[in-house]
Structure formats: C-alpha cells, structure tokens
Protein chains: 2
Amino acid sequence: MSNSKIDDDQLTEMFKALGNTHRLMIFKRLSSCCQPGTQCDLEQAMAYSVGELGEGLDIASSTLSHHLKELHRSGLIEMERQGKRVVCWIAPETLNSLGDFFNADIKR
Amino acid sequence: MSNSKIDDDQLTEMFKALGNTHRLMIFKRLSSCCQPGTQCDLEQAMAYSVGELGEGLDIASSTLSHHLKELHRSGLIEMERQGKRVVCWIAPETLNSLGDFFNADIKR
DNA sequence: TTTACTATTCGACATGTTTCGAACTATAGA
DNA sequence: TCTATAGTTCGAAACATGTCGAATAGTAAA
C-alpha cells in the first residue's frame, strides 16, 4: 500500500537522523500534536519554533540548529521562517513511508 | 495499541543501527521472507546465515560481523549458532514496536 | 537607526564509526 | 588428529559526528 517512493539512501539518511537522542526527542515533540484528551488540528498544532523545540534539551542553540538541519536534510521535517521565528513540522508523506517500511509483511 | 514497552534509548540505538547502508541492506534481506507470489512460513524462511547475509555486500567478513553485532546489540535481530554456521533473524516484537512508533497518531 | 530577539554559520576539538587484514575460535568431517 | 569451513576479535587508520562559543544574519519594534 506504499505509493510514495523512497529509496534506500534516503531511508538510511532518515534512520541516521533519528539515531541520536536529541534528534529523536525533537522528532517526538514534533509528532505529538496535542495534550491528553484534547482534539487538535494536524496541520496547525504540530508546528513548533526552533526555540520551543530546544526547551529542556540542554544543548547550545548552535547544536540545536545543526540537529534541525540534519532532520531537514534527511527529509523528516519541513522548516519555514515566520517573522522572527523559524517553525518546524514533520513532513507527512515521509512519516507514512517509514510506517510502511515496518508494517509491510514482505519487502524486497 | 502498543503493548511492548520500548524506551527512547533503545529506540535511538535501533535507528542508529539502521542508519547505515550496509546494515539497512542486511535488515531488509532479513525482513524479506519469500519470493514474489509465494507463501512462506515466517519463523523459518526469514533466517539467514552470516555468510548469506554478506553476499553481494562487498565488505570484509570482519566488517560484516561488526555490523551484525550492532544490529543485535540494538535489539533488532537475534542470532544463534547452528553447527558451523550462525543464523540470524529479525526480533519480531521489536519490529512491531518500530511500526507502532510511526503509525501512532499521537505520541508523548 | 538602534536595540532586542531568534536562529544560523564557522572553526575547533573530542569522541565515535567504518573499514580492513591478521590472528584467533568453533564446528564438522576425513 | 588434521583440515576445511564459518565467524569473531583485535588493532590501526581514515573518516564522520556532536558539541561548544564566537561571530554573523534576519526580523520586528522602539
């Protein structure tokens, strides 16, 4: 059921991107869209600014910037400047491709 | 629907393990259980020996051994000696956990 | 324009990873 | 026991990554 093409090189890059504690935390924060028991609009609620994503991570802002660049390079997240801030959100197609990778019973 | 517990550290290790071209190839070979259009027994058909997994990869056997160790350490694959050979297969629970990670709509 | 806020780039350093060949271990069979 | 087959461990070299602070760039508001 996978219609979005994604090659092995890109897949490797995405896994490499997620294979780091800080980047995985960032990714998880981006993929958690709302508070327990609340409804949320996918497109809106899942966007965070760079600063928000760094909260609680205890790393320098330059390091944070580097990690976000890696997540973006791999195709996992999108970024866009909005005024003073840069907001980030998960690239939805990519996420689906990854889900398919693990859920398909047969791969070649 | 995720009942198998898996913490962030282990998740990071698994992604790190898959974030390498050679290891991803090995993992894909282990997760492709049968030929096109054929039926297969999951438990049996998905086991490969170390030597078989290295075919076509064009790396030294010591390097192959290292990669398999990484995949095993991360919890992605199981290994067992059978006579002269060591056979490998994918750890099924782990695979499900990873699928859940990407398919759950809400994470925290 | 000056200031404050937000984020990125750069250079440097320490740490990890990938890879090889050589030496070693384990098993099965002659 | 000797030999062949199948994998692993070790040490070293090359390369990649994570991290920081300092300097820089973009935006908005006083």
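Here is how names work: the chains are called A, B, and so on, in the same order as the sequence lines, proteins then strands, and each is numbered from 1.
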Undergrad: Could A:Glu52 and A:Arg85 be called an ion pair, given the rule that one side-chain N must be under 4.0 Å from one carboxylate O?
TA: yes
Undergrad: Does the side chain of B:Arg23 get closer than 4.0 angstrom to OP1 or OP2 of C:dT18 through an N or O atom?
TA: yes
Undergrad: Using whole Å, what does the distance between atom C1' of nucleotide D:dG18 and atom CG of A:Leu71 come to?
TA: 14 Å
Undergrad: Whole Å only: how far is the CD atom of B:Glu52 from the P atom of D:dG7?
TA: 8 Å
Undergrad: Ignoring hydrogens and geometry, is there a side-chain-to-backbone donor-acceptor pair from A:Arg29 to A:Glu55 under 3.5 Å?
TA: yes
Undergrad: Within this structure, what is the CG-to-P distance between B:Leu24 and C:dT18, rounded to whole angstrom?
TA: 13 Å
Undergrad: Only one of B:Leu53, B:Ile26, B:Leu71 passes side chain to side chain contact (heavy atoms under 4.5 Å, CB included) with B:Ile77; say which it is.
TA: B:Leu71
Undergrad: Distance check needed: C:dT27 C1' versus B:Gln82 CD, whole Å only.
TA: 13 Å
Undergrad: Are the side chain of B:Thr12 and the backbone N or O of B:Asp8 linked by a donor-acceptor pair below 3.5 Å?
TA: yes
Undergrad: Would the distance check show the side chain of B:Arg73 and the main-chain N or O of B:Gly75 forming a donor-acceptor pair, the cut-off being under 3.5 Å?
TA: no
Undergrad: Within this structure, what is the CD1-to-C1' distance between B:Ile26 and D:dG7, rounded to whole angstrom?
TA: 13 Å
Undergrad: Describe, in one word, how the ring planes of A:Phe15 and B:Phe15 are oriented to each other, choosing from parallel (under 30°), tilted (30 to 60°) and perpendicular (over 60°).
TA: parallel
Undergrad: What is the distance, rounded to the nearest whole Å, between atom CD of A:Glu55 and atom C1' of C:dA7?
TA: 15 Å
Undergrad: Do the side chain of B:Arg81 and the main chain of B:Gly83 share a donor and acceptor less than 3.5 angstrom apart?
TA: yes
Undergrad: Where the side chain of A:Lys84 is defined as all heavy atoms beyond and including C-beta, which of C:dC5, C:dT17, C:dA28 is the nearest nucleotide?
TA: C:dC5
Undergrad: Starting from C1' on D:dG7, measure out to CD on B:Glu80 and report it in whole angstrom.
TA: 15 Å
Undergrad: Which residues within residues 57-70 of chain A lie with some heavy atom under 4.0 Å of an atom in DNA chain C?
TA: A:Ser61, A:Ser62, A:Ser65, A:Lys69
Undergrad: State which of D:dT27, D:dT19, D:dT8 makes the closest approach to the side chain of A:Arg81.
TA: D:dT27
Undergrad: Is the distance from OP1 or OP2 of D:dG18 to the nearest side-chain N or O of A:Asn20 less than 4.0 Å?
TA: yes
Undergrad: Does A:Gly19 or A:Gly83 map to a spot on DNA chain D nearer the 5' end, using the closest nucleotide for each?
TA: A:Gly19
Undergrad: What is the distance from NE2 of A:His22 to C1' of D:dT17, rounded to the nearest Å?
TA: 14 Å
